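Every heavy atom of this structure was used, including side-chain atoms; hydrogens, water molecules and symmetry mates were not. Model, not experiment: these values are computed from the prediction. The chains referred to below are lettered A, B, ... by the order of the sequence lines, with proteins before strands, and numbering in each begins at 1.
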Protein chains: 2
Amino acid sequence: MTAIKESSTLNANRENNKATCPISFVMSKIGGHWKPIILYHLMSGPKRYSELKKLIPAITEKMLIQHLKQMQQEDLVIRKAENIVPPFVTYSLSPEGEELRPILDAMVEWAFARDFFAA
Amino acid sequence: MTAIKESSTLNANRENNKATCPISFVMSKIGGHWKPIILYHLMSGPKRYSELKKLIPAITEKMLIQHLKQMQQEDLVIRKAENIVPPFVTYSLSPEGEELRPILDAMVEWAFARDFFAA
DNA sequence: CATGTTACATACTTTGGGGTAAGTACTTGT
DNA sequence: ACAAGTACTTACCCCAAAGTATGTAACATG
């Protein structure tokens with residue numbers, strides 16, 4: 001989880017924005033390159049780690065678990081592991097994560113109302 | 001606007017995500033450190049360049065115009081300049097920018113429903 | 001006993017977003 | 001003549017997020 005240098009203006013700004021702008025606050029939770037995509041796929045139901053990998057071919061395993069862990073720590077997703085071998089781990093939206101739906105839905109709507117046309 | 005290296009996996013991924021995930025598509029428009037804050041302030045009405053500066057003390061002038069220009073190019077904000085000296089430039093949400101309100105409002109609501117308590 | 005499967009971990013490198021600092025144009029006030 | 005105000009521009013640097021590569025545990029199966 002790669003420690004962050006305290007006393008960098010970068011991070012100071014980030015923290016300040018999170019504390020003073022609700023939009024930035026949300027962005028700090030679901031922003032970045034991969035979190036949106038992971039959330040998007042989890043919106044259609046719980047998924048195995050390997051399923052997410054297949055659904056998001058471009059993502060590296062490092063990025064996938066890194067963000068899953070972060071979102072888990074922030075109580076946005078739930079990790080459920082069957083104690084078997086080979087492992088069987090399922091990720092799903094937590095109740096708090098489910099409450100993101102209005103936001104995510106609004107985004108999807110906005111995207112499709114514009115020049116976004118996915119397959 | 002600092003040219004971007006073609007053939008970097010970083011950017012290739014970004015482009016791919018924008019094209020395949022509506023959430024990422026929206027994030028590519030309103031993500032980053034400053035765009036959310038700028039939009040947040042523009043939600044309460046048109047603002048002068050200098051007003052935005054005062055409202056967002058931590059932002060540098062470079063970042064402010066950079067993002068204003070980007071959002072202007074993407075038709076999210078409108079720039080209106082009176083032809084006087086000293087200059088008088090006003091920024092406001094475009095019609096397309098206004099359509100972001102449901103998203104932004106949902107974010108604000110989510111933020112306040114959680115551990116976010118701004119002044 | 002070697003190979004496959006699943007869900008990770010970790011050291012090292014790259015890169016692009018953001019920060020710093022300084023300068024510009026044009027006019028008004030003193 | 002010089003400072004002040006407004007809205008920028010530009011060159012240079014830094015660092016944290018993302019990418020690359022490789023390794024691990026624990027069993028199941030041929």
Side-chain angles (χ1 to χ4, degrees), chain A residues 1-17 24 27-38 46-54 56-72 77 79-91, chain B residues 1-17 24 27-38 46-54 56-72 77 79-91:
Chain A
M1 295 234 168
T2 51
I4 296 172
K5 206 163 207 175
E6 347 90 53
S7 93
S8 72
T9 354
L10 252 89
N11 199 249
N13 276 344
R14 232 178 278 251
E15 290 304 315
N16 189 46
N17 296 161
S24 296
M27 287 296 184
S28 73
K29 306 277 179 185
I30 67 172
H33 295 303
W34 298 114
K35 279 179 192 156
I37 311 164
I38 297 172
K47 301 275 178 299
R48 289 188 66 176
Y49 175 84
S50 50
E51 280 183 288
L52 287 171
K53 265 208 67 182
K54 269 168 216 157
I56 316 170
I59 202 172
T60 61
E61 306 209 2
K62 181 196 165 195
M63 286 295 108
L64 185 51
I65 20 125
Q66 187 175 109
H67 288 116
L68 283 171
K69 276 199 158 185
Q70 282 176 16
M71 300 175 102
Q72 190 192 343
V77 306
R79 194 189 99 114
K80 192 172 156 191
E82 319 281 337
N83 200 15
I84 56 171
V85 166
F88 193 100
V89 180
T90 312
Y91 290 91
Chain B
M1 300 256 217
T2 49
I4 297 171
K5 207 164 205 172
E6 348 91 51
S7 93
S8 73
T9 358
L10 253 87
N11 199 247
N13 276 344
R14 232 178 278 249
E15 289 304 314
N16 189 48
N17 296 160
S24 296
M27 288 294 184
S28 73
K29 307 276 180 185
I30 67 172
H33 294 305
W34 298 114
K35 280 180 193 154
I37 312 165
I38 297 172
K47 301 273 180 298
R48 290 187 66 176
Y49 175 84
S50 51
E51 280 183 288
L52 287 171
K53 265 208 68 182
K54 269 167 216 157
I56 316 169
I59 202 172
T60 62
E61 306 209 3
K62 179 196 166 195
M63 286 294 110
L64 184 52
I65 20 126
Q66 187 175 110
H67 289 117
L68 282 172
K69 276 197 159 185
Q70 281 175 17
M71 299 176 103
Q72 191 193 342
V77 306
R79 194 189 101 113
K80 193 172 157 192
E82 320 280 337
N83 199 15
I84 56 170
V85 166
F88 194 101
V89 181
T90 313
Y91 291 91

Rounded to whole angstrom units, what separation is found between the [atom1] atom of [X] and the [atom2] atom of [N]?
X: B:Y49; N: D:dT6; atom1: OH; atom2: P; answer: 11 Å
X: B:N16; N: D:dA18; atom1: CG; atom2: P; answer: 16 Å
X: A:K69; N: C:dT10; atom1: NZ; atom2: C1'; answer: 11 Å
X: A:N83; N: C:dT6; atom1: CG; atom2: P; answer: 17 Å
X: A:H33; N: D:dA16; atom1: NE2; atom2: C1'; answer: 11 Å
X: A:Q70; N: D:dA16; atom1: CD; atom2: P; answer: 14 Å
X: B:L68; N: D:dT6; atom1: CG; atom2: P; answer: 17 Å
X: A:L64; N: D:dT20; atom1: CG; atom2: P; answer: 15 Å

[N], OP1 or OP2 - any side-chain N/O from [X] closer than 4.0 Å?
X: A:R48; N: C:dA7; answer: yes
X: B:R79; N: D:dA7; answer: no
X: B:K53; N: D:dT6; answer: no
X: B:H67; N: C:dG18; answer: yes
X: A:Y91; N: C:dC8; answer: yes

Please name the pair of heavy atoms, one in [X] and one in [Y], separated by the smallest distance, quoted to 0.1 Å.
X: B:S24; Y: A:I37; answer: OG-CG1, 3.1 Å
X: B:I59; Y: B:M63; answer: CG1-CB, 3.7 Å
X: A:V77; Y: A:L68; answer: CG2-O, 3.7 Å
X: B:K35; Y: B:I30; answer: CB-O, 3.8 Å

Could you check whether B:T60 gets within reach of a base, just the sugar-phosphate, or nothing at all, counting any heavy atom under 4.0 Å? base

In terms of the nearest nucleotide of DNA chain D, which residue is placed more toward the 5' end: A:M63 or B:V89? B:V89

If you assign each of B:K62 and B:E51 to its closest nucleotide in DNA chain D, which residue comes earlier from the 5' end? B:E51

Rounded at 0.5 Å granularity, tell me how far NZ in A:K54 sits from CZ in A:R48. 8.0 Å

Among D:dG5, C:dT6, D:dA18, which nucleotide sits nearest the side chain of B:P86? D:dG5

Shortest side-chain distance from B:P87, nucleotide among D:dA18, D:dA7, C:dA9: D:dA7

The answer to which of B:V85 and B:E61 contacts DNA chain C further toward the 5' end, by nearest nucleotide, is B:E61

